[in-house]
Number of protein chains: 2
Amino acid sequence: MKAADKAKHRTDMISSALRSAILERVLMPGMKLPEDSLGERFGVSRTLIRQSLERLAAEGLVELRRNKGAMVARPSLEEARDLFELRTQIEDLVISRVVKNMSPEILGELEAHLAKEVEAEHASEPISIRLATEFHILLARLAGSPVLLRYVEEIGYRCGLTLSLYARPHSTDCGIQEHRQIIDALAKGDEGTARKLMRHHLTAVADRALFRTEEGGPLLYLDALEPYAKKVRDGGA
Amino acid sequence: MKAADKAKHRTDMISSALRSAILERVLMPGMKLPEDSLGERFGVSRTLIRQSLERLAAEGLVELRRNKGAMVARPSLEEARDLFELRTQIEDLVISRVVKNMSPEILGELEAHLAKEVEAEHASEPISIRLATEFHILLARLAGSPVLLRYVEEIGYRCGLTLSLYARPHSTDCGIQEHRQIIDALAKGDEGTARKLMRHHLTAVADRALFRTEEGGPLLYLDALEPYAKKVRDGGA
DNA sequence: TGTGGCGAAATTGCATGCAATCCTTTATAC
DNA sequence: GTATAAAGGATTGCATGCAATTTCGCCACA
């Protein structure tokens with residue numbers, strides 16, 4: 001029963017579900033996240049919901065105000081800029097590590113992911129947003145540093161959240177074309193080019209995003225969450 | 001009552017207390033951290049202890065094994081190397097931001113901290129370890145990026161923990177002399193030198209640390225924790 | 001003496017309950 | 001009609017209880 005040790009448990013599943021919902025813009029910034037409603041949805045008690053919310057708050061996806069409950073975070077423009085700036089610098093570190101680790105298997109994983117992106121390109125929007133974020137995360141995993149991976153994940157998620165606040169609804173967010181080029185540069189071991197491309201790629205995303213100042217939005221809590229909750233209740237990942 | 005919104009609450013206080021205890025080597029790597037014992041010590045229920053442990057686990061200071069409770073983390077040598085490598089790269093980012101933000105106030109804060117370090121130099125060892133870590137954290141705060149600050153904190157803490165596993169007991173860990181030089185370089189706006197010094201400083205710490213392979217140690221749980229717990233019970237920071 | 005298994009004690013996983021806090025609505029005064 | 005205040009409802013903060021799991025000591029047995 002050693003393997004069961006690693007079995008994701010309910011808190012993990014709930015956190016993941018909520019995170020996905022946020023990144024796929026089912027839960028929009030500012031929406032309230034009451035413990036009992038969520039608990040009811042997910043078929044667990046407030047205890048586990050609380051844990052999950054706390055975890056997401058640590059990642060910066062959820063704001064947690066004392067005695068006032070949780071809501072999907074609404075990062076300020078300033079925070080967003082900070083985030084995107086840091087992101088380019090952190091992902092620089094990723095690039096140089098991936099170049100060092102480059103191998104056929106790694107290239108294979110990258111290609112496989114890109115294929116998924118291409119396939120999803122014409123599907124529903126939220127999925128392609130998630131895949132785009134996951135491209136960066138995959139790169140970070142291939143960099144071989146667990147801590148770095150965690151940071152890229154976190155920053156990536158938060159940038160994704162930021163995009164749902166500030167980006168135009170139909171911007172592509174992450175050009176598949178650009179991912180393609182980055183992979184090619186990495187394949188050639190051309191760190192300089194890869195780095196430049198990544199930088200350009202990220203600033204492009206940021207530039208497209210960080211200008212709308214549109215305020216507010218619907219603050220009511222949706223039950224479009226149902227599909228996410230169902231997965232958890234059924235024990236899926 | 002707006003200010004009270006920010007009032008640190010019990011979970012924060014407990015986390016801080018435990019973190020300090022770990023960094024000051026009162027809780028050594030591998031020690032068990034049972035919820036009820038801690039709860040009793042700190043005068044709170046297991047709920048809050050649990051939250052705190054979870055938070056520390058997210059920071060990497062505590063290992064949390066399902067159904068088997070929490071213990072102070074025992075980072076492997078490999079993790080430690082990864083950590084120290086990342087640290088130099090992350091603190092590079094800090095340096096260049098601090099140089100950009102440099103001002104008399106900032107210089108003042110740095111000097112003030114150094115003064116504390118000098119003062120504590122001849123006091124008990126644990127305190128000077130903590131102060132040394134906090135030097136890096138202060139720098140990160142002055143870099144002006146909240147996210148970067150969080151990462152530096154986390155990495156700093158984890159490196160501190162690592163040192164208590166692998167470093168020789170009486171190594172100075174962080175040379176005050178070196179902090180002095182870094183401040184001077186920053187004051188002159190000499191980013192290159194500051195960077196080089198910091199890099200050298202960090203690799204020196206890592207080199208001093210990452211060789212002992214000594215195994216084990218006392219696994220029993222101490223109640224040297226009492227002073228830390230008392231602070232929390234009395235509502236102090 | 002060493003090994004395997006069984007049962008009790010300890011410890012965590014999770015749900016629930018109660019008190020404290022905050023938010024909203026209604027009532028009342030000006 | 002506006003503003004203020006108080007009551008009621010909703011929601012979180014925290015403690016406690018019970019079931020499930022693990023750990024450890026004990027004894028049988030080779």
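Per chain, numbering begins at 1; letters A, B, ... match sequence-line order.
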Out of C/dA15, C/dT21, C/dT12, whichever nucleotide has its closest atom nearest the side chain of A/Asn67: C/dT21

Separation of D/dA20 P from A/His9 NE2 (nearest whole Å): 13 Å

Phosphate contact (C/dG13 OP1 or OP2) by B/Arg50 side-chain N/O below 4.0 Å: yes

Among C/dC14, D/dT12, D/dT23, the nucleotide that comes nearest once only the side chain of B/Lys68 is considered: D/dT23

Rounded interatomic separation in angstrom, taking CD1 from B/Ile49 and P from C/dG13: 14 Å

Closest-nucleotide 5' rank along DNA chain D - winner of A/Gly69 and B/Gly43: A/Gly69

Separation of C/dT12 C1' from B/Glu63 CD (nearest whole Å): 17 Å

Rounded distance in Å - CZ (A/Arg46) to C1' (C/dG17): 9 Å

Distance (rounded to the nearest 0.5 Å) between B/Leu110 CG and B/Phe135 CZ: 6.0 Å

Value in whole Å for how far the P atom of D/dG17 lies from CD of B/Glu35: 16 Å

Rounded interatomic separation in angstrom, taking NZ from B/Lys32 and P from C/dT11: 7 Å

B/Arg10 CZ to C/dA20 P, straight-line distance once rounded to whole Å: 12 Å

Residues A/Glu105 and A/Ser103: side-chain donor-acceptor under 3.5 angstrom: yes

B/Thr47 side-chain N/O to D/dC14 phosphate OP1/OP2 under 4.0 Å: no

Proximal nucleotide (of C/dA15, C/dT12, D/dT11) relative to the A/Asp36 side chain: D/dT11

Rounded interatomic separation in angstrom, taking CG from B/Leu33 and C1' from C/dT12: 14 Å

Side-chain ion pair, B/Arg87 and B/Glu91, N-O less than 4.0 Å: yes

Near-ring test A/His179/A/His136, centroid separation under 6.0 angstrom: yes

Presence of A/Arg66 side-chain N/O under 4.0 Å of D/dT11 phosphate oxygens OP1/OP2: no

Lys/Arg-Asp/Glu bridge criterion (N-O < 4.0 Å) met for A/Arg97, B/Asp82: yes

